[in-house]
Asker: 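The following block contains the structure, expressed as C-alpha cells.
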Amino acid sequence: MKEHAAPPAGPLVTGSEVARLAGVTRAAVSNWRRRYDDFPAPAGGGANSPLFALADVQAWLGRQHKGQGVSDEVQLWQVLRGAYGNEIIGGLVDVFRFLGGGEPAPGLTEEAVRLAREAAAGASVAELVGSLTERFTDSVRRAGSDQVTSPRVVRAVRHFVGEVASDTTIFDPACGIGTLLLAVGPERGAKLYGQESDARSAAFAQLRADVTDRTGVTVAMGDSLRDDQWPDLRAGLVVCDPPVGVTDWGREDLLLDSRWELGTPSRAEGELAWLQHAYAHAAPGGRVLMVMPASVAYRKAGRRIRSELVRRGILTQITALPSGTAASHSLPVHLWHLRRPESPDDILSSVRMVDLTASDPEGSLEAGPGQVADVPLISLLDDAVDFTPGRHVRESHRDYAAEYHDLRRELAQQVRGIVKLLPTLEVGGSPSSLDGPTVSVAELARAGFVEYTDPEPVSVSDQLDTDYLQGFLRSAANTRRSTSTSGTFRFDGRGARIPQMDISEQRRYGVAFRSLQEFEERMRKVAELSEAAAVLAREGLGNGALIPED
C-alpha cells in the first residue's frame, strides 16, 4: 500500500476524472495504479473513492506520454471542486452568475474567474453551462444520491409526456436544479414555473435557464407544501420527482388544507401529499406525471387516497419503469399519470397498467404485447387497491379457462381413491391392551436402534419399524408428553414411549400408520386445490374470463 501524500495546495480529482483527462476508461486508470509504482499516491478521499492531486496526475501523464491537453472547462471544474468541495453547487451558481454578466462572487477565486472567461471564449456560454451541469449531475449520480433526477428517469418522463404544445404552462413543484423542468416541453413558447426549497438549487435552476437564453422560465424558492409560491397557478402539464421517504412534510400544520381533496395523507405518505399538491395545480384537462417509489402503489396507509384516484377517474396510467432506471438504486420506479377531468362526465372507465420492469433501462420504452393491461376501475377497488402494474398485467394475460381446467383435473385425481387410503380397522381390546411393556425413545437411542433426524427420529435397526415408531410418537399420550409449555411439539421428546412388540406386529401397525399419513397428506392437498379452484372460478366469473356452462 502506498502512503498518502501530504494535502496538496491544488485541486483534487477522482479516478473517473483522471480517466477523462487521459481519454481512457476508468478500468485503465485502475490498471495504471496497480502496474506503475510511480503513479501518484492518493492525496485524499477514502479507500473506495481516492482523490489525487491534479498537478501530480498531469505531471505523471506527461512523463508517461498518456495525457492529453486539459481543457479550460475541465480545469475550471477542478478549481471549483478544490475551492468549494462538497458545496460545489454554490460554486457553479457563482460561475453562472458571473457568466450571466454579474460581478465575481467573493468565493470565486481569480483563477476560477480567468478559467471561466477563457472557457466561455472557446465555446458558447450555453455549452459551458451545459457541460458543467453534466459534470455535476454525473458526480451526484456516481455518489449514489437522489439529489438530481437520473438521466434515465428524465428520458422516461420525456417519452411519456410526448409532444407538448408551444403555449403550454409547465410546472414542477420540486424542481431541484431544473433537470426535469427544463427537459420537457418545447424549447420556445412554453411558460415554465418551478419551486425548490433549497436556495442554491433554485438559483442553479434559474441561472441555467437565464444564461442559456431559455425564456419563460421562473423558479421560486420555498417549501412547496408549506409555502406554495404559486397558489393560483394552473398548468397544462405538471411533472415532479418528489422527495422520497420524508415524514416531516408538514402534515400537522396542513391538516385542513384544501389541496387534500382525495384525503389527508398520513405522515408516512409524503409522496401522496406531493401528488395531491401537483394535481391541485393541474388545469382542467391538464396532465400530471409523478415519479413515485414502487411501494406507494400498495402501502396500506395510502389505500384511501388510491381509492379516490380510481373512483374519480383521475388516474389514467401507472408505468413501472425498467429496473435500474433510478441512478442511486436498482429498485423499480413508477410513473403515475393523472389527468384532471374537464367536466363531471369526462372520466375514464379503466386504468392502463404498463410493466416495463423486465426491459433494458437503456432500451425502448415502448411496451410489448404482454406488458400492458387496461384494468377496469372496479377491478382496482378491492381490499388492497394495489396499483402495482406487474400484478394486473399478469392477471390480464392469465388463461383462466386452461388454469381452471387443470385445477379441476388435478383435484379429481386427488379425490379419486382417497377413501381407500383410510386403513380398515377392527374393534380392539380395552384401552389397557397397550398398557403392557413400553420403551422410551431415549432408551432406543442409547441402544443404537434410533437415530435423530429433522424433524423426526427414524429406526436404524431391522428390529424396529420406522412407521410404527413415528405412528406411536404421534399418539395422544406421547403428544402430551412431548409438548412444551409454549405449545411446541417435539418429535424427539425423551419422555416419549412406545409399546414393545415383535417386528411382524410392528409392521402391521406401521402399514396402518403409513396409510393414515398418506390420507392426511392427500386431504391437505385436496384442501389447497379446492381453495385455489374456488378463488380462480370466482375471479373468472367476476371478470368475464369464465362463464357458466350451458
Side-chain angles (χ1 to χ4, degrees), residues 400 402-540:
Y400 280 85
E403 193 173 337
Y404 185 64
H405 175 75
D406 291 342
L407 276 173
R408 287 189 83 252
R409 185 177 66 249
E410 186 176 358
L411 182 58
Q413 290 174 348
Q414 292 290 340
V415 170
R416 192 178 300 120
I418 197 169
V419 175
K420 294 181 180 178
L421 290 176
L422 276 174
T424 302
L425 303 177
E426 300 177 357
V427 177
S430 66
S432 63
S433 61
L434 294 180
D435 286 346
T438 60
V439 61
S440 71
V441 173
E443 291 173 316
L444 290 171
R446 285 195 296 270
F449 283 80
V450 168
E451 186 176 272
Y452 287 93
T453 63
D454 187 19
E456 301 175 333
V458 297
S459 169
V460 292
S461 169
D462 57 6
Q463 296 301 307
L464 179 64
D465 184 84
T466 293
D467 293 314
Y468 166 82
L469 167 68
Q470 295 179 354
F472 273 107
L473 281 175
R474 294 189 184 94
S475 67
N478 279 323
T479 298
R480 287 191 295 270
R481 286 193 185 99
S482 301
T483 301
S484 67
T485 56
S486 64
T488 303
F489 181 71
R490 305 185 306 272
F491 277 116
D492 61 341
R494 301 292 176 168
R497 305 187 68 83
I498 63 172
Q500 291 182 353
M501 295 183 185
D502 60 49
I503 188 62
S504 60
E505 192 70 2
Q506 289 180 33
R507 288 171 180 159
R508 196 162 67 91
Y509 273 89
V511 169
F513 282 131
R514 186 165 57 251
S515 294
L516 280 174
Q517 179 73 10
E518 292 176 4
F519 174 78
E520 290 171 338
E521 291 174 358
R522 181 75 67 88
M523 287 300 298
R524 282 193 291 269
K525 182 66 174 177
V526 166
E528 292 172 3
L529 290 171
S530 299
E531 182 179 5
V535 169
L536 183 64
R538 189 171 288 109
E539 286 184 6

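Keep in mind that this is a model prediction, so the values were computed, not measured.
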Asker: Looking just at side-chain N and O atoms, do S440 and E443 make a donor-acceptor pair shorter than 3.5 Å?
Answerer: yes
Asker: Report the relative orientation of the aromatic rings in Y509 and F472; use parallel for angles under 30°, tilted for 30 to 60°, perpendicular for over 60°.
Answerer: tilted
Asker: Which value, rounded to the nearest 0.5 Å, describes the distance between E451 atom CD and T466 atom OG1?
Answerer: 10.5 Å
Asker: Got a second to check how far L469's CG is from Q506's CD, nearest 0.5 Å?
Answerer: 9.0 Å
Asker: My understanding is that only residues two or more places apart in sequence, or in another chain, count here; which of them pass side-chain contact (heavy atoms from CB on, under 4.5 Å) with I418?
Answerer: F519, R522, M523, V526
Asker: Enter the distance from L464:CG to M501:CE here, rounded to the nearest 0.5 Å.
Answerer: 12.0 Å
Asker: Is the shortest heavy-atom distance from the side chain of L516 to the side chain of L421 under 4.5 Å?
Answerer: no
Asker: Indicate the atoms forming the closest heavy-atom contact of V460 with G448, along with that distance.
Answerer: CG2-O, 3.2 Å
Asker: Taking everything shown except E531 itself, do over 12 heavy atoms lie less than 6.0 Å from its CD?
Answerer: no
Asker: Can you confirm whether I503 sits close enough to D462 that some side-chain heavy atom of one is under 4.5 Å from a side-chain heavy atom of the other?
Answerer: no
Asker: Please name all residues satisfying ring pair (Phe, Tyr, Trp, His ring centres under 6.0 Å) with F449, sequence neighbours left out, ordered by chain then number.
Answerer: none
Asker: Check whether any side-chain heavy atom of L473 sits under 4.5 Å from a side-chain heavy atom of V441, and report yes or no.
Answerer: yes
Asker: Please report the interatomic distance CD(Q414) to CD(E521), rounded to the nearest 0.5 Å.
Answerer: 10.5 Å
Asker: Considering only heavy atoms from C-beta outward, does the side chain of S515 approach that of L422 to under 4.5 Å?
Answerer: no
Asker: What distance do L536 atom CG and R408 atom CZ have between them, rounded to the nearest 0.5 Å?
Answerer: 12.0 Å
Asker: CG of D465 to CZ of F513: how many Å apart, nearest 0.5 Å?
Answerer: 10.0 Å
Asker: Show the numbers, then the answer: is there a side-chain contact (heavy atoms from CB on, under 4.5 Å) between T438 and Q500?
Answerer: CA-CA 5 Å; T438 60; Q500 291 182 353; 5.6 Å; no
